[in-house]
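In what follows, every chain begins at residue 1, and chains take the letters A, B, ... in the order their sequences are listed.
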Amino acid sequence: MLSVEGVSADYGKSRVLESIDLTIDPGESVTLLGRNGVGKTTLLRTIVGLHPAAAGKIAFAGENVTRSPAYLRARKGIGYVPQGRGIFPHLTVSENLRLGAAAARQGPIPDHVYDLFPVLSRLSQRKGGVLSGGEQQQLAIARAMVSQPRLLILDEPTEGIQPSIVQQIEETLREIRGRLKVAILLVEQYLDFAWSIADRFYVMRRGRIVEQGSPRDSDPTGIHHLLGV
Amino acid sequence: MGHAAIIAGQAFNGVSVASILLLTALGLALSFGVMNVINMAHGEMLMVGGYLAYVASRIAHGPMAFLLALLLSFLGATLLGALLELTVIQRLYGRPLDTLLATWGVSLILQQGARSLFGAIGVEVVAPRWLNGSFAVHSGAFAGLSLPYVRIFIVALTAVVLVSLMLFIARTRWGLYLRAVHQDREMAQALGVNTRWVDLAVFAVGTGVAGLAGAALALIAPVTPTVGQNYVVYAFLVVIVGGMGSLLGTALAALSIGLITAGAQMFTSVSLADVLLLVLVIVFIQFRPQGIVFKRSRVMKEA
């Protein structure tokens, strides 16, 4: 469903991604591992359309989207939960959710979104900026789900969030994958969780994919070694 | 005529000048707040609106002709703004200095165009008959006060435009998109908001409102090829004092600047009043660089 072929990307004059190949099948859950600064976030931003690809090809649902602006990719069914959550601070929770519908150009917010995170219905008139980190993260995931994407891309969704909410987010992601059959591309430092939800993994180092496989036939300690943790 | 009447009359003049300033500044505030673009040709949109009102008033006659002129000014300046966005501004996003220079060039072209078409001498729009005359007070503390209907009309027009814009931004889906782009352009885009359209619409509506300002101005002063320059400087002051990208702040700033100018002109010459105004603005910015109303946004942080 998503295929990234030989994609490179630059920041100014320095190359930060070097011919990346990566694929995700419908409904599949893939995790992208690697230390800080190896280009994971840049790769996600390049797939979403917020960073230009200097070379290579990105195809989604059979269409070449390498040059498409981000809003068209969102409308084709890519949902994005960025690092730092990207909540609009001066908009209410319900306005943030309504923006999630911009991709689908649909009217009301579907109920299943509030089912994923019941806490949001209670907060719907609060401004996004006053929510706690955990609440913002739940809002960011819910917002990405409003348009019923086929692929959900998450950049460190448990970063800086209290453990009780982390567990809740994990359960919701399992549900999104299992019951809603949405494909997931996850960047996550919290390896146990990434490991338990992934069908396949990729490991990045200095802008390249250096290792890939399935958690079932790989030894986590070897990966720990690659990550240097 | 008592002191109270003189002061009230001058204050009212200040408010009516503030109205035109506000109509001019709204577009600047929007395009700066949302797109981080400074359009040096914004004053010429006012000028174009003024000339369009003049043309309309020469073609159409009758009591409602002036409303037609307003519509024509708005639509004409909106279209011109859209054209400017598509041909120049769009290609220079993220390059503020180049944008300044390019739009300044556009402003010179438009000024010369107006000079070639209409001559260097100003043209006037005769106010419709229903705006002739004034609201006069004959007794009480304000005896002798006289408020021209034309100026009352301008103030009312401005209030209607301001309230409509605020409602549009607060209540509609497009307004929501606009606020989202203002706060976090990338995230809005990643959620499926067509930021190209939002930018184009914001810019074009902003120039359209400046066109309205030109039509309103044509009722009380001659339209010349350089009329935009006179107003755009004050409009920039209004945007800076108001806090970039805030309509309420822009409105308050326009009111303050209009009143200060009108007040100062009671005691001194026009040029000295300008000096006083600039000094006050500089002092104000020293103490409150973010303007009267300020909302933090990503665009601002990068700027």
Under a 4.5 Å cut-off applied to non-hydrogen side-chain atoms, are A:Leu2 and A:Val30 in contact?
no
I'd like to know whether A:Glu188 forms a side chain to side chain donor-acceptor pair (under 3.5 Å) with A:Thr31, so could you lay out the CA-CA distance, the side-chain angles of the two residues, the decisive distance to 0.1 Å, and finally the verdict.
CA-CA 7 Å; A:Glu188 181 57 73; A:Thr31 183; over 6 Å; no
What residue among A:Ile153, A:Leu186, A:Leu154 forms side chain to side chain contact (heavy atoms under 4.5 Å, CB included) with A:Val81?
A:Leu154
Does this structure show an ion pair linking A:Arg126 with A:Glu135, if we count only N-O contacts that are shorter than 4.0 Å?
no
Check B:Asp98 with B:Arg91, please: is the shortest side-chain N to carboxylate O separation under 4.0 Å?
no
For a side chain to side chain donor-acceptor pair (under 3.5 Å) with A:Glu28, tell me which candidate from A:Arg200, A:Lys181, A:Arg177 qualifies.
A:Arg200
Within residues 46-63 of chain A, the residues sitting under 4.5 Å from chain B by heavy atom, in sequence order, are A:Val48, A:Leu50
Measure A:Arg45 against the heavy atoms of chain B and call it side chain, backbone, both or neither at under 4.5 Å.
side chain
